[in-house]
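In what follows, chains are A, B, ... by sequence order, proteins preceding strands, each numbered from 1.
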2 protein chains.
Amino acid sequence: MQTQTKKHDSNCLVAYGIDTFGDRWSFLVLRDMMLYGKCRYGDFLASEEQIATNILAARLKHLESEGIISKARDPENRRSYIYSLTEKGLDLAPVLLEIIRWSSRYMKMTARRRRLLERIEADRDGILADIRARRAILTAP
Amino acid sequence: MQTQTKKHDSNCLVAYGIDTFGDRWSFLVLRDMMLYGKCRYGDFLASEEQIATNILAARLKHLESEGIISKARDPENRRSYIYSLTEKGLDLAPVLLEIIRWSSRYMKMTARRRRLLERIEADRDGILADIRARRAILTAP
DNA sequence: CTGGATCCCAATAGATACTG
DNA sequence: CAGTATCTATTGGGATCCAG
């Protein structure tokens, strides 16, 4: 499967966003990168949602083709790759935070979630800075 | 088709949001309501993205079952229905605005888009208030 | 009329097995 | 480890039908 080329082909800003990063799996990959600092194929596969290998490969390719992530060889392991957020990808952090804020209002709270929410409300800029600096916001789920 | 019940079934705030409103069509319906003040089945069908009748019906049902929109008879036209955002749906407005901000950075700008973006930057609270008051932010696309 | 339901078929997404 | 290949399941488009 190659990345689809048209989708909505809409003239709308919202549709553009949805088409670019808004499918069910792409955004979870971005979450893994922004929240957990994940950057390897195997890390993404290990997420709780159990993404299939072909889907992951397709999404990584798609996100790369959209300029949201970039792929480079791992300097410490010649047969591994490192995926990282581009500027365009980092700019999605506010979308992620708003989704988290919304969900945390309507999903049952846990202590862990409450701490994350409190930090978003109290130190949003610090979180955005951490994401840009590739520092994980949360430790493993 | 009935609304799917499991999806990711994840423990994550982000996945919860994606599962609830993050599919390709649901969010466009929400956009129509928030940005254009649309509230009728026929209005949604008329959007530029050309949603199919079966998909629209399924999405409206899904959004209603998630408590994001509600459905009522149109008092002025006995054979029509009015869909409106609940509090839970209105709370999605910040997500919408962040998507628009992101897209407007990366999609080719038009005069219309520039005006919307400027207003978001300058008067975000006013926009949020307009959405809550069911005032359309934009006129027809 | 408006607001759907239904059916058919094409296209896409996804799970699993396998490979360089 | 980082994917491809293959097969199956689900979604979506479009036409049509139907109820109030």
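To the nearest angstrom, P of D:dA2 lies 14 Å from CD1 of A:I51. Across the protein-nucleic acid pair, A:K61 atom NZ and D:dA2 atom C1' stand 11 Å apart, rounded to whole Å. A straight line from CZ of A:R59 to P of D:dT4 spans 14 Å, rounded to a whole angstrom. For the pair B:D23 CG and C:dG14 P, the interatomic distance rounds to 12 Å; values are reported in whole Å. Between the CG atom of A:L45 and the P atom of C:dA15 there is a distance of 12 Å, given to the nearest Å. Taking atom NE2 of B:H62 as the reference point, atom C1' of D:dG12 lies 16 Å away to the nearest angstrom. The CG-P distance, from B:D43 to C:dT2, rounds to 10 Å in whole Å. Straight-line distance from the CG atom of B:N77 to the P atom of C:dC1: 13 Å, rounded to whole Å.
Among the protein residues, A:A52 comes within range of the nucleic acid bases, having at least one heavy atom under 4.0 Å from a base atom. The residue A:F44 sits apart from the nucleic acid: no heavy atom pair falls under 4.0 Å.
Partners of B:R135 under the salt bridge (Lys or Arg N to Asp or Glu O under 4.0 Å) rule, at least two apart in sequence or in another chain, are B:D130. Looking at residues two or more places apart in sequence or on another chain, you find no side chain to side chain donor-acceptor pair (under 3.5 Å) involving A:N54. Judged as a salt bridge (Lys or Arg N to Asp or Glu O under 4.0 Å), and not counting sequence neighbours, B:E66 has no contacts.
In the interface, the side chain of B:Y81 is not paired with the base of C:dG3 through any donor and acceptor atom under 3.5 Å apart.
Both A:Q50 and B:R40 sit near DNA chain C, but only B:R40 has its closest nucleotide nearer the 5' end.
Using a 4.5 Å cut-off between side-chain heavy atoms of Ile, Leu, Val, Met, Phe, Trp and Tyr, B:L117 falls into a hydrophobic cluster with B:M109.
Evaluated for a side chain to side chain contact (heavy atoms under 4.5 Å, CB included) with A:L90, the options A:M33, A:R134, A:M34 yield exactly one hit, A:R134.
One finds a side-chain N or O of B:W25 lying less than 4.0 angstrom from the OP1 or OP2 phosphate oxygen of D:dG12.
With contacts defined as side-chain heavy-atom distances shorter than 4.5 Å, the pair B:K71/B:L60 does not qualify.
Within the structure, every pair that satisfies the ring-ring contact (aromatic ring centres under 6.0 Å, His included) test and touches residues 96-125 of chain A, not counting sequence neighbours, is listed here: A:W102-A:Y106, A:W102-B:Y16, A:W102-B:F21.
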What is the per-nucleotide protein-contact pattern of nucleotides 15-20 of chain D, from the 5' end, where B denotes a base atom under 4.0 Å from a protein heavy atom, S denotes such proximity for sugar-phosphate atoms only, and - denotes neither? B----B

